[in-house]
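Just below is one structure, and these are the notes that go with it.
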Amino acid sequence: VLRNVMISKDETTLNHVAAKALKGEMAAETDRNLVRIDDSKMKIKLMATALLAVVCLIGPQFMQKASAQNLKQFTLEDLNFGGKNYHNMVAKNRWTTWWGDELVHLDVEKCSIVDKVTGKEKTLFTLDQFNKWTANSPAGRVLTLAHASFPYANKPIVMTEHANVRELVNFKTHKIVWTQTTEKASHSDWNAMTKATAYVNVDNHQLYVIDAEDRNHQLSTDASRDILYGQSVHRDEFGYTKGTFWSPNGELLAFTKMDQSMVAEYPLVDIPEPSKEPESGTRMAKPEPIKYPMAGETSHKVTVGVYDINTGKTVYLDAGDPTDRYFTNIQWSPDSKTIYMFELNRDQNDCRLVSYNAETGSKIAELYRETDAKYVEPSHPILFLPWNADQFVMQTQKDGYNHFYLFNKDGKQLKQITKGNWVVMDVLGFNEKAKSIIYVSNECSPIQRNTWSVNVENGTRTLLDNGRGYHYATLSGGGNYLVD
């Protein structure tokens, strides 16, 4: 785990003096109390003395000592956001991304490779170099490299998106290798395998796929404010963050269609910001109602389609009447032939995992069913093991806590992988060599977030951070390294 901590010079000086004061207080008190105490009493006395010394550090006496030794006192210019010295008193942000198993430090002016042993950095390329290589790009000059990405682990390719252009640049040959327009695109979902992008047109709300040759393919014709394609549905519940899902081979796109024409309007208003001159010339609020299915009222209807970029054909999954049902957590099989999703009733107490043929949309089988007197909340898609395409991991709260369970592809539960009075909070990925899942949990404390690995075969768990506080780690493309 790589740790990068920035400490200001003033903080270092203060910590040094505090340590000296603590050491002095402890030494003096120890000398006074070593006589007539046995080992156990000495331990207690030393602990009390240490606590007393720490208390002294935050009291007025310590501040007077610090003043006497010419320590710099904090000012409002140091501590207030916008103060003249505030920028020098705070830790500096570090934007990083993975290029396979290589860690790249992203900055405005350059991209650098980070040595995973020493932490030293070596410049990959600078902003000036990048702009020189892309002088003929339709996007013009790039202003920052802080949002660059490296989509191919074994290729010296960097991707940027700027001025309605997505482009891939080879930083070894110093040439643009591919570009694609992003004009009028929202809810974009780019696929590295085929370089195709699914997106929703901001003008007409229709769903499109633009292929690697910049040719647009329109998937919908009836999109409107009432009928939405390729967007997050079910009020962003049940794990939904988007509405498009590429197959592993990048040739098929599963997408959502939500018909909310039958849903009642919920009254909201748009109030112009006082600091801005509104286009209408008035600061009066104007109606901006939304579609919102109140409890017990008529809800929207969601269906799932599958588009083949090679044939241009679209089929819809034969899931039956979508009325008062939730279709969630869409997932593909590793061979791109099967789609899996959880189907939940509106009472949210009956959940089923169902598989579908991606080519025809026909239902294959119901693999799993979970019911509960109160509710069932599927929030995570199943995950196939990278080293065994016949097995997948499922998350469920059926024992009272969210944990991992191992299933075969036919829906038979093989075993429970994790167990305890704590919850799995997130999955970062897999380490194929160790046959382990890298995940996040609150096992250390209900108010913490820590990174762990669990061996799928024997259930052995390993803590991957220091076990304290909140951690947001990211896993390398090969699953061999974390940056925390």
Side-chain angles (χ1 to χ4, degrees), residues 138-139 147 149 151 159-167 179-247 250-263 265-266 268 270 288-293 299-317 319 322 326-332 339 341 358 361 381:
H147 308 294
S149 61
M159 184 170 79
T160 61
E161 295 186 33
H162 173 66
N164 294 326
V165 174
R166 179 182 294 113
E167 61 186 1
T179 62
Q180 184 181 73
T181 180
T182 59
E183 189 175 5
K184 296 184 178 181
S186 68
H187 302 86
S188 293
D189 189 358
W190 182 74
N191 181 266
M193 294 290 292
T194 58
K195 299 185 181 69
T197 301
Y199 73 94
V200 175
N201 187 288
V202 296
D203 289 338
N204 60 18
H205 310 293
Q206 306 295 349
L207 179 63
Y208 291 82
V209 166
I210 182 171
D211 61 28
E213 285 73 40
D214 245 14
R215 296 179 301 225
N216 268 300
H217 306 268
Q218 186 171 339
L219 277 61
S220 64
T221 57
D222 59 344
S224 65
R225 179 175 173 273
D226 288 335
I227 302 178
L228 305 178
Y229 286 85
Q231 301 179 43
S232 178
V233 297
H234 299 320
R235 310 302 305 176
D236 299 331
E237 293 189 63
F238 312 114
Y240 265 112
T241 59
K242 62 175 187 172
T244 51
F245 309 88
W246 285 105
S247 63
E251 297 178 358
L252 299 168
L253 176 75
F255 62 89
T256 58
K257 174 185 177 181
M258 181 170 69
D259 183 354
Q260 55 182 5
S261 59
M262 70 291 295
V263 178
E265 302 272 3
Y266 187 84
L268 294 179
D270 178 26
E288 288 285 351
I290 62 170
K291 296 283 188 173
Y292 191 89
S299 186
H300 52 252
K301 298 179 181 181
V302 172
T303 50
V304 178
V306 182
Y307 174 75
D308 188 325
I309 66 173
N310 294 320
T311 65
K313 179 183 176 182
T314 298
V315 299
Y316 281 85
L317 302 187
Y326 303 112
F327 300 144
T328 75
N329 300 287
I330 296 169
Q331 182 60 286
W332 286 91
I339 291 179
M341 69 179 182

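This structure is a prediction, so every number in the text was calculated from the model and none was measured.
- Interatomic distance, Leu253 CG to Trp246 CH2, rounded to the nearest 0.5 Å: 5.0 Å.
- Taking both residues in full, the closest heavy atoms of Val165 and Pro138 are given as CG2-CG, 4.1 Å, listed atom of the first, atom of the second, then distance.
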| message | The test is side-chain hydrogen bond (donor to acceptor under 3.5 Å, both in side chains); show your working for Glu251 and Asn310 and say whether it passes. | response | CA-CA 7 Å; Glu251 297 178 358; Asn310 294 320; 3.2 Å; yes

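- Summarising the geometry, atom CG belonging to Asn191 is positioned 7.0 Å from atom OG belonging to Ser247; distances are rounded to the nearest 0.5 Å.
- Counting heavy atoms from C-beta on, the side chains of Phe327 and Val233 never come closer than 4.5 Å.
- Considering Tyr229, Tyr307, Tyr199 in turn, Tyr199 is the only one that fulfils the ring pair (Phe, Tyr, Trp, His ring centres under 6.0 Å) rule with Tyr208.
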| said: Test side-chain contact (heavy atoms from CB on, under 4.5 Å) on Tyr292 and Glu265; report intermediate values, then the result. | reply: CA-CA 6 Å; Tyr292 191 89; Glu265 302 272 3; over 6 Å; no

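- Of the charged side-chain nitrogens involved, at least one lies within less than 4.0 Å of a carboxylate oxygen, so that Arg215 and Glu213 count as a salt-bridged pair.
- Side-chain atoms of Thr194 come within 3.5 Å of backbone atoms of Gly250 as a donor-acceptor pair (strictly under, hydrogens ignored).
- Closest non-hydrogen pair, Trp190 versus Pro151, comes out as CZ3-CB, 3.9 Å.
- Between Lys257 and Asp222 a salt bridge is recorded (basic side-chain N to carboxylate O distance below 4.0 Å).
- The number of heavy atoms from other shown groups lying within 6.0 Å of OH (Tyr316) is above 12.
- In this structure, the side chains of Ser232 and Lys242 stay at 4.5 Å or more apart for every pair of heavy atoms.
- Counting all heavy atoms, side chain and backbone alike, Ala198 lies closest to Thr244 at CB-CG2, 4.0 Å.
- Going from atom CD of Gln231 over to atom OG1 of Thr241 covers 12.5 Å, rounded to the nearest 0.5 Å.
- Taking the side chain as every heavy atom from C-beta outward, Leu317 and Ile339 approach each other to under 4.5 Å.
- Two residues are said to be in side-chain contact when any heavy atoms from C-beta on lie closer than 4.5 Å; Thr221 and Gln218 meet this criterion.
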| request: In sequence, state the C-alpha distance, the side-chain angles, and the governing distance for His217 and Asp211, and then conclude on side-chain hydrogen bond (donor to acceptor under 3.5 Å, both in side chains). | output: CA-CA 8 Å; His217 306 268; Asp211 61 28; 2.9 Å; yes

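- Considering all non-hydrogen atoms of both residues, Ala319 and Met341 come closest at CB-CE, 4.0 Å.
- Separation of atoms OG1 (Thr179) and CE (Met159) is listed at 13.0 Å; rounding is to 0.5 Å.
- One distance of note links CZ of Arg166 with CD of Glu161; it measures 4.0 Å at 0.5 Å rounding.
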| task | Begin with the C-alpha distance, continue with both residues' side-chain angles, and end with the deciding distance and a verdict on side-chain contact (heavy atoms from CB on, under 4.5 Å) for Lys301 and Gln260. | result | CA-CA 7 Å; Lys301 298 179 181 181; Gln260 55 182 5; over 6 Å; no

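- Considering all non-hydrogen atoms of both residues, Ala163 and Ala139 come closest at CB-O, 3.5 Å.
- Aromatic ring centroids of Tyr326 and Phe238 lie under 6.0 Å apart.
- Here the closest heavy-atom approach between residue Ser220 and residue Gln206 is recorded as OG-OE1, 2.7 Å.
- Remark: of the listed residues Asp226, Leu228, Ile227, Leu228 is the sole one forming a side-chain contact (heavy atoms from CB on, under 4.5 Å) with Met258.
- Proximity of a side-chain donor or acceptor of Thr311 to a complementary backbone N or O of Lys313 within less than 3.5 Å is detected.
- Residues Val200 and Ser186 are in side-chain contact: their nearest non-hydrogen atoms beyond the backbone lie under 4.5 Å apart.
- Side-chain contact check for Thr197 versus Val209: every heavy-atom pair is 4.5 Å or farther apart.
- Using a 4.5 Å cut-off on side-chain heavy atoms (C-beta onward), Pro381 and Phe245 make no contact.
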| field | Chi angles and distances behind the side-chain contact (heavy atoms from CB on, under 4.5 Å) call for Asn329, Tyr240 | value | CA-CA 7 Å; Asn329 300 287; Tyr240 265 112; over 6 Å; no

| Step-by-step side-chain contact (heavy atoms from CB on, under 4.5 Å) determination, Phe255 to Thr303 | CA-CA 9 Å; Phe255 62 89; Thr303 50; over 6 Å; no

| said: Let's go through His234 and His300 carefully: what are the C-alpha distance in whole Å and the side-chain angles of both, what is the deciding distance for ring-ring contact (aromatic ring centres under 6.0 Å, His included) to 0.1 Å, and is it a yes or a no? | reply: CA-CA 8 Å; His234 299 320; His300 52 252; 5.2 Å; yes

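- Distance check: Gln180 CD to Ser188 OG gives 8.5 Å after rounding to the nearest 0.5 Å.
- Sequence neighbours left out, the pairs with a member in residues 197-207 that pass salt bridge (Lys or Arg N to Asp or Glu O under 4.0 Å) are Lys184-Asp203.
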